[in-house]
Trainee: 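Dumping the structure here so I can ask a few things about it.
Note that these values count all heavy atoms, side chains included, but never hydrogens, waters or copies made by symmetry. Owing to the predicted nature of the structure, the values given are computational and were not obtained by experimental measurement.
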Amino acid sequence: MREFFHAATGFPAFAFTSALVVVLVFWLLVMVGGAEADGFDADVDLHPAGLGGVPVTVAISLAVVAGWFSALTGSVLIGRAGLTGLARAAADVILLLVSLLFAWQATRGLVRPLAKLFPDEPTPSRQDFIGSVCTIRTGRVDAGFGQAEVAARDGAVAVVQIRQEPQAHESALTAGRSAVLYAYDDAGEFFWAAPYAASLDARGQHRLGSGGTDNSASAVNTMPPVSRP
């Protein structure tokens with residue numbers, strides 16, 4: 001036991017031992033709800049290193065464990081070999097490089113089957129809001145001004161910029177009214193909206209077409225054309 005303790009606290013295994021302590025603390029925080037397992041996915045992309053397909057924290061944790069095991073085993077073997085001086089220092093440096101390489105290769109081999117447990121989810125897009133019913137927040141909506149609240153698929157409420165086509169001769173959109181988002185303007189970064197008629201959605205659905213094709217067709221036919229320059 002003392003032999004393994006000295007190996008774990010000596011060079012080069014100590015570098016992996018320190019990282020392993022950090023990894024263990026992180027996963028304890030995840031278990032108690034103090035951190036999210038995929039909290040670093042938006043900041044780090046491991047695909048170029050061949051470690052993509054799983055959360056960044058999972059890939060790093062696997063690499064740390066593999067590197068620690070390799071360095072610890074190698075340190076014990078070097079110690080038993082009785083190397084000293086420059087020979088021991090050279091062996092430790094080589095072991096560090098080998099452990100890093102082993103950690104990378106082992107993690108690459110492990111993330112491939114694990115990736116099946118983490119299927120890719122489509123990135124949320126503003127286009128997902130097209131066809132949604134929103135609630136007007138501003139006192140007026142025209143060709144140059146307007147805001148509304150709309151519910152995303154996950155239940156979160158987003159505030160979006162909306163505009164109403166002035167040539168459509170529709171009833172005015174005012175605060176508290178419901179409207180349908182029927183197109184998105186990429187250049188202006190806003191949605192075109194039209195008054196929402198509850199009769200078009202008798203079942204109370206919140207997306208066009210979710211109650212049937214007839215309702216969807218009726219709703220689309222009421223949408224005014226979007227003028228283009």
Side-chain angles (χ1 to χ4, degrees), residues 1 4-77 92-132 134 149-161 181 184 186 189 191 205-207 209-210:
M1 181 63 68
F4 282 94
F5 176 79
H6 285 301
T9 56
F11 182 83
F14 180 72
F16 293 98
T17 301
S18 302
L20 184 62
V21 172
V22 174
V23 166
L24 292 176
V25 171
F26 172 80
W27 286 111
L28 285 175
L29 289 175
V30 171
M31 291 176 62
V32 300
E36 295 183 359
D38 58 352
F40 299 96
D41 287 6
D43 303 320
V44 182
D45 182 12
L46 296 181
H47 283 86
L51 305 180
V54 299
V56 171
T57 52
V58 173
I60 292 178
S61 298
L62 292 173
V64 168
V65 172
W68 177 81
F69 177 79
S70 174
L72 180 65
T73 303
S75 294
V76 171
L77 295 177
D92 287 341
V93 171
I94 294 174
L95 175 59
L96 175 61
L97 298 177
V98 170
S99 297
L100 291 172
L101 180 61
F102 175 79
W104 175 55
Q105 292 285 6
T107 305
R108 285 188 64 185
L110 290 172
V111 297
R112 292 175 182 174
L114 288 177
K116 299 178 181 179
L117 302 177
F118 303 92
D120 292 334
E121 296 182 358
T123 304
S125 169
R126 293 178 181 177
Q127 299 293 333
D128 295 338
F129 287 124
I130 294 179
S132 297
C134 63
E149 289 184 349
V150 60
R153 291 180 178 178
D154 59 2
V157 176
V159 177
V160 297
Q161 300 294 322
L181 306 177
Y184 182 72
D186 291 312
E189 297 186 342
F191 292 90
Q205 300 291 336
H206 292 286
R207 296 194 66 82
S210 58

Trainee: Shortest non-hydrogen contact from V44 to V56?
Mentor: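 Nearest pair, atom of V44 first, then V56: O-CG2, 3.4 Å.
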Trainee: Taking the side chain as C-beta and beyond, is there a heavy-atom pair between L95 and F11 under 4.5 Å?
Mentor: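 Sidechains of F11 and L95: no contact.
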Trainee: Kindly indicate whether the side chain of T73, heavy atoms from C-beta on, has any atom under 4.5 Å from the side chain of L77.
Mentor: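 Yes - at least one pair of side-chain heavy atoms lies under 4.5 Å apart.
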Trainee: Quick one: closest heavy-atom pair of Q127 and Y184, and the distance?
Mentor: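 The pair with the smallest heavy-atom distance is NE2-CD2, 3.8 Å.
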Trainee: Okay, side chain of T17, backbone of T9: is any donor-acceptor separation there less than 3.5 Å?
Mentor: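 Checking the backbone N and O of T9 against the side chain of T17, no donor-acceptor pair under 3.5 Å is found.
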Trainee: Is it the case that over 12 heavy atoms from other parts of the model lie below 6.0 angstrom from the CZ atom of F69?
Mentor: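 Counting neighbours around CZ of F69, 12 or fewer heavy atoms of other residues, nucleotides or ligands fall under 6.0 Å, so no.
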Trainee: Looking only at heavy atoms, what is the nearest atom pair of E189 and Q161, with distance?
Mentor: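 Closest heavy-atom pair between E189 and Q161: O-CB, 4.0 Å.
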Trainee: What's the shortest heavy-atom distance between P55 and A37, and which atoms?
Mentor: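 Taking every non-hydrogen atom into account, CB-O, 3.9 Å.
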Trainee: For the residue pair L100 and F16, establish whether any side-chain heavy-atom pair is separated by less than 4.5 Å.
Mentor: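 Result yes, sub-4.5 Å side-chain heavy-atom pair found.
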Trainee: Do you know the tightest heavy-atom contact between C134 and L181?
Mentor: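 The pair with the smallest heavy-atom distance is SG-CD2, 3.7 Å.
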Trainee: Does any part of the side chain of L62, heavy atoms only, come nearer than 4.5 Å to the side chain of L114, both counted from C-beta?
Mentor: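 Yes, close enough: below the 4.5 Å cut-off.
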Trainee: Hey, which of L101, I94, L96 is the one that makes side chain to side chain contact (heavy atoms under 4.5 Å, CB included) with V98?
Mentor: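 The side chain to side chain contact (heavy atoms under 4.5 Å, CB included) with V98 is passed solely by I94 among L101, I94, L96.
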Trainee: Just so I know, are the side chains of V30 and E36 near enough to count as touching, which here means a heavy-atom distance under 4.5 Å?
Mentor: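 Sidechains of E36 and V30: no contact.
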Trainee: Where the side chain of W104 meets the backbone of G50, is there a donor-acceptor pair that is under 3.5 Å apart?
Mentor: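 Absent.
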Trainee: Could you tell me how the ring of F26 sits relative to the ring of F40: parallel (under 30°), tilted (30 to 60°) or perpendicular (over 60°)?
Mentor: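 Ring orientation, 0 to 90° scale: tilted.
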Trainee: Please round to the nearest 0.5 Å and tell me the distance separating atom OG1 of T107 and atom CZ of F102.
Mentor: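 Answer for the OG1-CZ pair, T107 versus F102, is 8.5 Å.
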Trainee: In terms of heavy-atom contacts, does CD of E149 have more than 12 from other residues, nucleotides or ligands at under 6.0 Å?
Mentor: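 Yes, because the 6.0 Å sphere around CD of E149 holds more than 12 heavy atoms from other groups.
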Trainee: Please report the shortest heavy-atom distance between S75 and A13, naming the atom on each side.
Mentor: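 Scanning both residues completely, I find the closest heavy atoms to be OG-CB, 4.1 Å.
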Trainee: Tell me whether S61 contacts the main-chain N or O of T57 through its side chain, where contact means a donor paired with an acceptor under 3.5 Å.
Mentor: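 Confirmed, S61 side chain pairs with T57 backbone.
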